[in-house]
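Working notes, beginning with the structure itself.
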Amino acid sequence: MTQTARAAMAEERSDTTGDDQTSAWRRPTRGFVIGLAVIAAIALAIRIWWVLVGYGNYKIGGDSYYYHLTGWSLADGHGFINPLDYYLHGGKITPSAANPPLYGSYLGLVSILGGWSVTAHRLASTLLGTGAVVAIGIVGRQIANERTGLIAAAIAAVYANLWINDGMLLPEPMAALTMVLVLVAAYAFWKRPRWGTAIWLGLALGAAALSRGEVVFLAPLLTLPLVWGMRQLSWRRRIEFLATAAAAMIVLVGPWVGYNLSRFKDPVFMTDHWGTVLENASCHDTYFGQFRGWYQLCDLRHYPGDASQEDTVLRKEALRYMRAHLGALPGVMGARVGRLWDVYKPSQTLFLNAVLEGRTKKASRLAVWQYYVLMPPAIAGLIVLRRRRVPIMPLIAPAIVVTIAAALTYGVLRYRVTVEPSIVLAAAVSIDVVWTSMSNRRRARRSGASDAKSPVASA
């Protein structure tokens, strides 16, 4: 393909997405930078208020306690061990890969810098959430224009399904931030397919995988359709870019996988808790009882061996239960997905999120209603982007991944955190369309009124 033909195709793609998107790839205007900074300050203030006032009586426990103490163990130089065994059971050193390492490493850095308390770790998490708001604004500018970016950032700043996570001492703030960085990299690669943007995309996918294990499966689902649509490139170049992105992701994720393979008796790749997750979803209460589609501590027994061997036993137990109840499994999977998307027993799911997950009733109620309000314009926004020939798979792929993850495990709302940025961005696109339409109508009315009053019109 000649340079002239490529330039014509690029110009055609720019025309279909509007003049604003073309300018979105240039240096941002001063107004956009100032607006995004103001929104970021508001987002940070909301999150700090949530930590210190809104949920000031926060009680740490469960996974959040594990993450908190993981920060301690890393700062103390003990590496990725079971911090409960070390700090609560006489300094016992037990290798552990219960969770992907990125959020725990972040808390470890905070501890090294002097932030050892629960409140310090929670406040540090608000920086991650605020970073996600800023990145969402950047993606909005990428896929549409600067006004869309500011609308998206403003929604993200007040959207409870994002800020509610920042005070929970769980990895969701890191997962949200890294997922938005994936979107930034994906759309940068789509607009300018080069070696540098391909490497950036691979590194972003690697960081996202190190924050949430299931995000590993996002990589092929996002990159393959994205590269397939780059018809201006030869097949050879597309394959080279795919290989480059994959190599960059492996460079980031590989050390964690290699580290795990070297220290457990059974193979462990991203986490040694797959069996635990499956076991918590596989018993009478989660199949037939009031917690259908949710999770329970279905097996409290401890099995001999290290964490990998215990996880292997739990995984086999869970699969045995699933095979024994195959007839009920489709309905259970439907309930899990329904809980994830707040369409199956939403009132009970709200209660479970508020009480069992510890998100508080008021915040959980606000989060549900904001989600319901945003979904219709989000669907409309995806249609708008599709008509503008902007790839929507980067926005849709996280929803596919978490839906599959919920169907296989349980429908906990925290899984949806990697989808919330896509919901916000797509909704912002449709809101901007309505805004633009209303502005054009007002200008047309003013212009018509001005013409009617002019001497020429009167004559």
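Since the model is a prediction, treat every value here as computed from it, not as a measurement.
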Could you go through the side chain to side chain donor-acceptor pair (under 3.5 Å) check for Arg122 and Ser117 one step at a time?
CA-CA 9 Å; Arg122 294 175 71 204; Ser117 69; over 6 Å; no

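- Proximity of Ile81 to Ser96: side-chain heavy atoms (C-beta onward) are nowhere separated by under 4.5 Å.
- Between Trp72 and Tyr87, the ring center distance clears the sub-6.0 Å criterion.
- Note that the CG atom of Asn353 and the OG atom of Ser364 stand 5.5 Å from one another [nearest 0.5 Å].
- For Glu420 (side chain) and Asn161 (main-chain N/O), no donor-acceptor pair under 3.5 Å exists by modelled atom type.
- Contact annotation: the side chain of Arg141 never approaches that of Arg147 to less than 4.5 Å [non-hydrogen atoms, C-beta and beyond].
- Side-chain contact check for Thr126 and Trp163: no donor-acceptor pair (N or O, by modelled atom type) lies under 3.5 Å.
- Using a 3.5 Å distance cut-off with no hydrogens or angles, the side chains of Thr276 and Arg315 do not pair a donor with an acceptor.
- Tyr372 and Asp342 share no donor-acceptor pair across their side chains, judged by distance under 3.5 Å alone.
- In this structure, the side chain of Arg336 does not engage the main chain of Ala405 through any donor-acceptor pair within 3.5 Å.
- Between the side chain of Ser282 and the backbone N or O of Leu278 there is at least one donor-acceptor pair closer than 3.5 Å.
- Residue Leu128 comes nearest to Pro173 through the heavy atom pair CB-CB, 3.9 Å, listed as atom of the first residue, atom of the second, then distance.
- Rounded to the nearest 0.5 Å, atoms CG (Leu408) and CE (Met322) are 7.0 Å apart.
- When all heavy atoms are compared, the tightest approach of Ala209 to Pro100 is O-CB, 4.0 Å.
- Here the closest non-hydrogen pair linking Asn99 and Thr271 is N-OG1, 4.1 Å.
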Run the numbers on Trp190 and Thr197 for side-chain contact (heavy atoms from CB on, under 4.5 Å), then give the verdict.
CA-CA 9 Å; Trp190 165 68; Thr197 53; over 6 Å; no

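- Looking at Glu146, its side chain never comes within 3.5 Å of a backbone N or O of Val33 through a donor-acceptor pair.
- Partner of Leu221 under the side-chain contact (heavy atoms from CB on, under 4.5 Å) criterion, out of Ile396, Ile404, Val401, Leu226: Val401 alone.
- Counting non-hydrogen atoms of other residues, nucleotides and ligands closer than 6.0 Å to OH of Tyr259 gives a total above 12.
- Side-chain polar atoms of Tyr58 and Ser64 form a donor-acceptor pair below 3.5 angstrom.
- Ala153 and Ile136 get closest at one heavy-atom pair: N-CG2, 4.2 Å.
- Taking each heavy atom of Asp311 and Gly275 in turn, the nearest pair found is OD1-N, 2.9 Å.
- Side-chain atoms of Ser125 and Tyr103 include a donor-acceptor pair closer than 3.5 Å.
- The OG1 atom of Thr223 lies 13.5 Å from the CZ atom of Arg238; values are rounded to the nearest 0.5 Å.
- The two residues Leu183 and Gln142 come nearest to each other via the heavy atoms O-OE1, 4.1 Å.
- Counting heavy atoms from C-beta on, the side chains of Leu233 and Pro193 come closer than 4.5 Å.
- Using the six-membered ring where Trp is involved, Tyr65 and His68 have ring planes that are parallel, under 30° apart on the 30 and 60° scheme.
- A donor-acceptor pair under 3.5 Å links the side-chain atoms of Glu279 to the main chain of Ala318, judged by distance alone.
- Between Leu356 and Trp294 there is a side-chain heavy-atom pair separated by less than 4.5 Å.
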Please step through ring pair (Phe, Tyr, Trp, His ring centres under 6.0 Å) for the pair Phe80 and Trp256, ending with a clear verdict.
CA-CA 11 Å; Phe80 288 95; Trp256 174 248; 5.0 Å; yes

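- Counting heavy atoms from C-beta on, the side chains of Leu123 and Leu52 come closer than 4.5 Å.
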Between Arg212 and Met174, is a side-chain contact (heavy atoms from CB on, under 4.5 Å) present by the stated rule, with each step listed?
CA-CA 9 Å; Arg212 286 291 293 265; Met174 181 66 78; over 6 Å; no

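- With a 6.0 Å cutoff to the six-membered ring centre and a 45° limit on the axis angle, Arg416 counts as a cation-pi contact of Tyr371.
- Side-chain contact between Ile34 and Arg30 is present, with heavy atoms from C-beta onward closer than 4.5 Å.
- Taking CG of Leu201 as the reference point, atom OH of Tyr187 lies at 12.0 Å (rounded to 0.5 Å).
- For Glu357 and Arg414, the salt-bridge test passes: some basic side-chain N is under 4.0 Å from an acidic carboxylate O.
- Using a 30° and 60° split on the angle between ring planes, Tyr410 and Tyr295 fall in the tilted class, from 30° to 60°.
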Asn165 and Arg359: side-chain contact (heavy atoms from CB on, under 4.5 Å), yes or no, with the steps?
CA-CA 8 Å; Asn165 297 303; Arg359 292 168 169 253; 2.8 Å; yes

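- Side-chain rings of Phe241 and Phe189 approach one another, their centers coming within less than 6.0 Å.
- Between the side chains of Thr349 and Arg339, at least one donor N or O lies within less than 3.5 Å of an accepting N or O.
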Trace of the side-chain contact (heavy atoms from CB on, under 4.5 Å) decision for Leu44 with Leu127:
CA-CA 7 Å; Leu44 181 60; Leu127 299 178; 4.1 Å; yes

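- In this structure, the side chains of Leu224 and Leu242 come closer than 4.5 Å at one or more pairs of heavy atoms.
- Within a 6.0 Å sphere centred on CZ of Phe351, other residues, nucleotides and ligands contribute 12 heavy atoms or fewer.
- Judged purely by atom type and a 3.5 angstrom limit, Asn260 uses its side chain to pair as donor or acceptor with the backbone of Phe269.
- Note that CG of Leu169 is 11.0 Å distant from CG of Asp63, once rounded to the nearest 0.5 Å.
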When you look at Tyr287 and Tyr321, which way does the ring pair (Phe, Tyr, Trp, His ring centres under 6.0 Å) test go after all the steps?
CA-CA 10 Å; Tyr287 268 60; Tyr321 186 91; 5.0 Å; yes

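- In this structure, Ile112 CD1 and Leu107 CG are separated by 11.5 Å, a value rounded to the nearest 0.5 Å.
- At least one donor-acceptor pair under 3.5 Å links the side chain of Gln370 to the backbone N or O of Val158.
- Using a 4.5 Å cut-off on side-chain heavy atoms (C-beta onward), Met393 and Pro391 make no contact.
- Residues Asn145 and Thr148 have side chains that bring a donor and an acceptor to within less than 3.5 angstrom of each other.
- The closest donor-acceptor contact from the side chain of Arg292 to the backbone of Phe288 lies at 3.5 Å or more, if one exists at all.
- Within the 3.5 Å criterion, the main-chain N or O of Leu297 finds no donor-acceptor partner in the side chain of Asn280.
- Judged by distance alone, the side chains of His121 and Ser111 do bring a donor and an acceptor atom under 3.5 Å apart.
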